[in-house]
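A quick write-up on the structure given underneath.
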Amino acid sequence: MTDGWFAGVESGDEAAAAERIRTGRADGPEAWPQQAVDAGFASDEDDYYDQLHAATMTATRAAVAERETADDKQLVHAIRAMADCERTANELAERVAEWAGSRYGESGSGVDFARDVVEREPVDEGDVALQSLAERTVAVADEADDLRTYIEQTAPAVAPNLSALAGPVLAARLVSLAGGLESLAKQPSGTVQVLGAEDALFAHLRGGAPSPKHGIIFTHEYVSGTRPEERGSAARALAGKLSIAARVDHYSGDLRPDLEAELDERIERIRTRGGDGE
Amino acid sequence: MSLPDGVSRHDFDGTTSIATRGHPEYGERTDGEWRRWDPHRSKLGAMLELGMETGLTADQTTLYLGAAAGTTVSHVADFGGPTYAVEFAPRPTRDLLDVAERRSNLFPLLKDARKPETYAHVVEPVDVLVQDVATRGQGRVATLNRQFLADDGYLLAAIKARSEDVTADPEDVFDEVLADIDAAYDVVATERLTPYHDDHLGVVARPER
């Protein structure tokens, strides 16, 4: 019995063949064309390759359609889960610090302090309870790190240009805030610029408050690392390129290294000339 | 330098460049049935243009890892035999499907090059393994896919320094990836792909006996 993609498939049954292409497995390559002819699946080598072409086209077209609708949603779940884990770990770490302060009479803070607490030798039941909480705190923080690694691996596949310009994590945050890559691609760059600053934006729209210069893209070094009076220009330039990147990612998907070079150059000009001259 | 049959130097309005015969796919210049194989758009094209000895000949069976939108693999299928194109990202694969639609010897596969067991039931042993994957662990991808390559075959890889570590010196990154490749292959030649591609290393290797 062969592991080849044609195993158990009627010659000419394209749908069944495509399914086997998508889900089949083998330990290693074998002389599949010869095996298929020997098994009577194909009349000769040409017929084999014709059937393989039809099956791979059908299989890959279906797989692309499925992945395209699903991948950015997976990224959104992952980035939201990472934010939940980070926030929860920090809250629990505060609780651990407060509790530990009451028992050991010393203060520390953060997840690192919780890691410290885990390492100690328990003296009584109270120590055991506190350490158990500290262990879970550390585990949640570690989960956030694992999710970050997962996002760093998957975001470049979902949005290659956006990830190249923004970094995978910020790219994922933008996709999440917009509700998906398609909606991000359809938003004007002025909206991308203030994504994540909705409170400030609505305060401005109600009147009185100044318009926000940047939302979540503030975390990008090109905004936060630019001196305050030029940050608006930097944020506008960055948002412009990010929104082009999101459109390329959604509509074509090929990597355009030029975008990164253009952005680098523009930020350089803003930082050195003290304005973008628009 | 020796070009494979089916690949030829051709003059396009004053620019001499390598070219293949086939349907144009990415806005490259054409002249009759010839279309320019733009070395700025294709790392394998750059390796040929730079005169690296690739061992490519007409009608070879090829496994291409990291086919992306099909720019390079379209040329490979123009002069090669059965050509298996593996790509992991769905969006460029949409374009790859158009390229494959017009080439009956090009078989597109939406698969992860780090998981060869998911396409070993489709891909037969090949004469040439081309690798252009922009992922961390490029040396490992080459090693994992060694099983597809005939003993007298060639690995043609374009190693991207920035995929491994954007902050490290590219030379250090190349040394590390080459050390990985060395575990399963004998490296025959390496060459930087400048001026066509910055921070890329072209590698020609044969399976270790």
Side-chain angles (χ1 to χ4, degrees), chain A residues 2-7 20-36 45-46 48-50 52-72 152-154 156-160 164 167 181 248-255 257 261, chain B residues 26 40-41 61 63 67-71 81-98 100-101 103-112 114-126 134-137 145-150 160 162-163 166 197-199:
Chain A
T2 173
D3 287 329
W5 60 276
F6 45 85
R20 281 280 301 150
I21 299 267
R22 290 187 62 180
T23 58
R25 271 166 190 263
D27 292 336
E30 285 181 50
W32 305 128
Q34 188 58 50
Q35 286 191 19
E45 210 169 70
D46 284 348
Y48 171 81
Y49 286 124
D50 284 348
L52 176 62
H53 190 257
T56 52
M57 290 296 295
T58 305
T60 302
R61 200 169 276 132
V64 164
E66 212 168 273
R67 281 267 305 278
E68 274 194 326
T69 51
D71 271 11
D72 62 334
E152 283 169 350
Q153 284 167 357
T154 50
V158 175
L181 183 58
V248 174
D249 287 340
H250 176 65
Y251 293 105
S252 92
D254 59 333
L255 195 56
Chain B
Y26 52 97
H40 294 277
R41 297 285 301 272
T61 309
L63 171 57
T71 302
T83 304
Y84 300 86
V86 171
E87 171 55 44
F88 180 53
R91 275 178 195 84
T93 304
R94 204 195 296 162
D95 296 333
L96 175 63
L97 282 164
D98 292 339
E101 182 89 74
R103 288 170 179 79
S104 61
N105 62 332
L106 181 53
F107 312 114
L109 296 164
L110 185 69
K111 304 279 183 184
D112 185 344
R114 290 166 296 190
K115 295 175 185 161
E117 71 278 9
T118 61
Y119 48 88
H121 67 302
V122 181
V123 180
E124 63 190 293
V126 297
T135 167
R136 212 176 282 182
N145 286 278
R146 153 73 182 88
Q147 55 177 315
F148 291 99
L149 196 53
K160 182 182 182 183
R162 292 179 60 116
S163 292
V166 281
H197 303 272
D198 289 339
D199 297 336

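Since the structure is predicted, the reported quantities are computational estimates derived from the model, not experimental observations. Reminder, nothing fancy here: chain letters follow the sequence lines and each chain counts from 1.
Contact tally against chain A (heavy-atom pairs below 4.5 Å) for B:Val126, B:Asn105, B:Thr135, B:Leu106: the top residue is B:Leu106. Options A:Leu255, A:Asp50, A:Asp249 differ in how many heavy-atom pairs under 4.5 Å they form with chain B, and the most are formed by A:Asp249. Interface remark: of the candidates B:Lys111, B:Arg94, B:Arg103, B:Arg162, B:Arg94 forms the most heavy-atom pairs closer than 4.5 Å to chain A. The greatest number of non-hydrogen atom pairs below 4.5 Å with chain B, out of A:Trp5, A:Trp32, A:Phe6, is found for A:Trp32. Interface summary for chain A: among B:Ala69, B:Ala68, B:Pro116, B:Pro82, the most heavy-atom pairs under 4.5 angstrom belong to B:Pro82.
With a 4.5 Å cut-off on side-chain heavy atoms, A:Pro29 and B:Gln147 count as touching.
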Problem - Verdict with reasoning, A:Arg25 to B:Thr118, per side chain to side chain contact (heavy atoms under 4.5 Å, CB included) - result: CA-CA 5 Å; A:Arg25 271 166 190 263; B:Thr118 61; 3.6 Å; yes
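Ion pairing of B:Arg136 with A:Glu152 is absent here, as no side-chain N (NZ or NE/NH1/NH2) approaches a carboxylate O to less than 4.0 Å.
Looking only at atom types and distance, the side chain of B:Glu124 has a donor-acceptor partner in the side chain of B:Tyr84 under 3.5 Å away.
In this structure a side-chain-to-backbone donor-acceptor pair under 3.5 Å is missing from A:Thr23 to A:Ile21. With hydrogens and angles disregarded, no donor-acceptor distance shorter than 3.5 Å links the side chain of B:His197 to the backbone of B:Lys160. With A:Thr56 contributing its side chain and A:His53 its backbone, the two residues share a donor-acceptor pair below 3.5 Å.
For a residue to count as touching a neighbouring chain, one of its non-hydrogen atoms must lie under 4.5 Å from one of that chain's; by this rule A:Ala31 touches chain B with the backbone only. In this structure, the portions of B:Val122 lying under 4.5 Å from any heavy atom of chain A include both its backbone and its side chain. At a 4.5 Å heavy-atom cutoff, the contact between B:Glu101 and chain A is made by backbone and side-chain atoms alike. Interface remark: A:Pro33 contributes side-chain atoms only to the contact with chain B (heavy atom separation under 4.5 Å).
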